[in-house]
Structures are given as structure tokens and as C-alpha cells.
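Step one of this worksheet: look at the structure below.
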Amino acid sequence: MWILHASAHRAHAPADEFHRGQRVPCFESPRRAEIVVQALRTAGHPVREPTHDSRALLPRVHAARYLAFLESAWAQWLARDAANAQRQPFPSVWPVRSLRSDIEPHDFIARLGLYSMDNGTPLVAGTWAAAKAGADAALSAAAMLDAGDRAVLCATRPPGHHAGADFMGGYCFINNAALAAVALREHGCARVAVLDVDYHHGNGTQSIFYDRADVLFASLHGDPRTEYPFYLGHADETGAGPGLGFNLNLPLPAGTTADAWFDALHAACERVRRHRPDALVVSLGLDTFAGDPICSFRLQGDDFARLGEALRRIGCPTVFILEGGYAALELGDNVVRVVDGFEQAA
Ligand code: Q9C
Ligand code: ZN
């Protein structure tokens, strides 16, 4: 299976994030992608840079004013104070219920709040370049499926599934899985399915496709009553308007074992098959691993091969997009297990 890897990801290397009242080194680090690519190369999978420019397709997923903000955010931050070059900006106020989000404030930190869902998504000088390169990979993968590839994996970061049409969050800036799904629709796939197996609910992807019947969104994840992103991902979210019945959430309690997780996975796969998709996008988070430092499902290494096999049995061309997974040392082996499980299930 071809692996797409945008080396520009390295430009996104924030130092630290807020975690339980402290600033700690970022869990979402450049070494994650480096370890994944190294492990895939060692396992014999060919790696190449993205070939397509996502610029023209980005406004199909994200609001123009959000893209304009994101692209110029670091320049705006520096314009405020040259000493900001050494500082990470964080939002501190958000337009929640009854506050207006239609008018962009002039204050940079206020604009950052307008376009963020949390204070856990550090932004640095190279964030736009890295996120844009990841989006290029998602688009390139869709083009490779169109040209006849059975499956392609984007070993990119930052991740994307928490990013909505007009906000960043959960380490995500551009929704790569949504972009791949839209690109596949452009390539003539009448029906696309996005299956999100990250520990966290893919709130951004769900919201982007919530009223659409052509792109099914199915996800199994930590119950939002106790797990990030907290405010979306419940079982009663089934879609709206024409999209009613095309959104499936399977929330699972923290501590869920592999057996219970696979029961939910099989239910999600069954729903995806019933959609009869022409292409599948997998939001491949590996933070379901028992050793993950910020999540609490209990999958072991071998379970990732089982995941690859189950995804293969859905039986359609597949784009894998790397999302979460913070046990960096084991992340490479776990991705390889998914890919090899997928290919060996043929
Ligand atoms: N400061 C993904 O897996 N923050 N995002 C947790 C740590 C939210 C995870 C608290 C975790 C987001 C793509
Ligand atoms: Zn996650």
C-alpha cells in the first residue's frame, strides 16, 4: 500500500499544551509521524510526498473566513508584538450561547477564540504549512484511488477530525478525512463512508456531513459524557434533513475492552456496508491502544491487525487518514499492523 507523507508536517512543532492545569510537552508531536513512516518503510511499504494541491478544494470543507484566519494567524500574532515569535498564542474567550460569532473582533486572541473549540490546540509559525501539506496528502490519496489504487494511507499530522467547517480544536486544523471524502465525491463516487475509529469522537467530520446522505459518518469512541470532545458524539445524533439516518455514533465507556470495542466496530462496519459506498475513508486514530497516555480503551498490538482485517472486509477502495495515537513508541508498529492486517485479509 502506498503511504503518503508530507515532510512539511515538521513545521508544526509546538512546545507545550495545557493539561490538567499545567503546561506539559505536546502529546501531538512531530516524532509521531516520523516513527510511523520509519516503521512503514521498514515493513516494506513505499512512501511518497503528496502530489496534489488542495487549495481549490479547501473551501468545500472549510469557511473562507476561517481559512483566511488560519493562513495568516501567525503573521497576525507577530504583528501585535515582535516578541510573540517566542510565544504560543492560546484563546481565552469563546462565543458560547447568546454571544455573537458573526462579527470578527479586531483583537487577535478574541479572533483565535472565535475560530477555536478549546485551548488545547497550540498554533505556531509552521502550523498552516504543515496542515495544508496534510490536506494535500488527503487530496492526493483520493486521486490515487481514482487512478485504481486499492488503498492509500496518509501518514500525516496534525490530525483533522476535530476541525469543523470554521474552527480548530483537539490538535486539528484542517479536516483531512472530510477533504478526502469530498475529493472522492468529485471523482465520481456517488456514495462515500467515513468510518472514524479514533478514541475521540470526530465532531468536526460529523458536523461537516450532518445534513448529507451521500457521505455516511460512523464512529465508535469514548462516551462524550466523560471523554473529549464532551459536547458531541452521543448515540441520539443520527443526522438532519436529507442526512437523517446517515450518522451513526457508538459511544463506549472509558475502560472498554477489545472484545466490546470489536462488537461496536462490527456494528459500524455493518452500517457502512449497508450504505454501499464507492469509497471508504478511515479516520485512523490509534489512541484506542491500552498504552495511550491520554485515553483509556484497552486494545493491544494484535488487535490492530484485527482492525485492518475488519476494514478490508468492508470491501471497497479505502483512504486511511492518520488521526490520534500518543503512545509514540508503539504507534509505528500499531499502524503497520493495521496496514498488514488489511493487505493480508485479501
Ligand atoms: N491537554 C485527537 O486524538 N486534549 N485529538 C486532551 C490534553 C484533547 C485528541 C487534554 C485531545 C484531543 C486527534
Ligand atoms: Zn483521538
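As the structure lists them, so they are numbered: ligands from 1, and atoms in each ligand from 1.
Listed by number with element, the atoms of ligand 1 under 4.0 angstrom from any heavy atom of His161 are 13 (C). Contact atoms of ligand 1 toward Gly324: 3 (O), 13 (C) (distance under 4.0 Å to a heavy atom of the residue). Residue Pro159 approaches ligand 1 through these ligand atoms, each under 4.0 Å from one of its heavy atoms: 13 (C). Those atoms of ligand 1 with a heavy atom of Asp287 less than 4.0 angstrom away are 3 (O).
Contacts with ligand 1 closer than 4.0 Å are made by heavy atoms of both the backbone and the side chain of His19. The proximity of His162 to ligand 1, defined as any non-hydrogen pair under 4.0 Å, is limited to the side chain. Using a 4.0 Å cut-off between heavy atoms, Val24 makes no contact with ligand 1 at all.
Partners of Asp107 under the salt bridge (charged side-chain N to carboxylate O under 4.0 Å, His left out) rule, at least two apart in sequence or in another chain, are Arg80.
With a 6.0 Å cutoff to the six-membered ring centre and a 45° limit on the axis angle, Arg111 does not count as a cation-pi contact of Phe69. At least one cation-pi condition fails for Arg298 and Trp261: the charged atom is not both under 6.0 angstrom from the six-membered ring centre and inside a 45 degree cone around its axis. Figure legend: cation-pi geometry between Arg271 and Phe246, with NZ or CZ positioned under 6.0 Å from the six-membered ring centre and within 45° of its axis.
Closest heavy-atom contact between Trp74 and Arg87: CH2-O, 3.3 Å. Closest heavy-atom contact between Ala8 and Ala129: CB-O, 4.2 Å.
The nearest N/O/S atom of Asp287 to the Zn ion (ligand 2) is OD2. Within Asp198, OD1 is the N, O or S atom that lies nearest to the Zn ion (ligand 2). Checked against the Zn ion (ligand 2), the N, O or S atom of His200 at the shortest distance is ND1.
Taking the six-membered ring for Trp and thresholds of 30 and 60 degrees, Phe230 and Tyr228 have ring planes more than 60 degrees apart, a perpendicular arrangement. Ring-plane geometry between His200 and His162 is classed as perpendicular, the angle between the planes exceeding 60 degrees on a 0 to 90 degree scale with a lower cut at 30.
Note on residues 307-327: no pairs pass salt bridge (Lys or Arg N to Asp or Glu O under 4.0 Å), not counting sequence neighbours.
Looking at Glu17 next to ligand 1, an N or O pair under 3.5 Å apart turns up. In terms of polar-atom proximity, Gly325 is not counted as a contact of ligand 1, lacking any N or O under 3.5 Å from an N or O of the ligand. Taking any N or O of Tyr228, backbone or side chain, none lies under 3.5 Å from an N or O belonging to ligand 1.
Between Arg55 and Asp136 no salt bridge is recorded (no basic side-chain N to carboxylate O distance below 4.0 Å).
The closest protein non-hydrogen atom to atom 5 (N) of ligand 1 is Gly170 O, 3.0 Å.
For atom 3 (O) of ligand 1, the candidate residues are Tyr171, Tyr326, Phe230, Tyr199; the nearest heavy-atom contact is made by Tyr326.
For Cys295, every N, O or S atom stays at 2.8 Å or more from the Zn ion (ligand 2).
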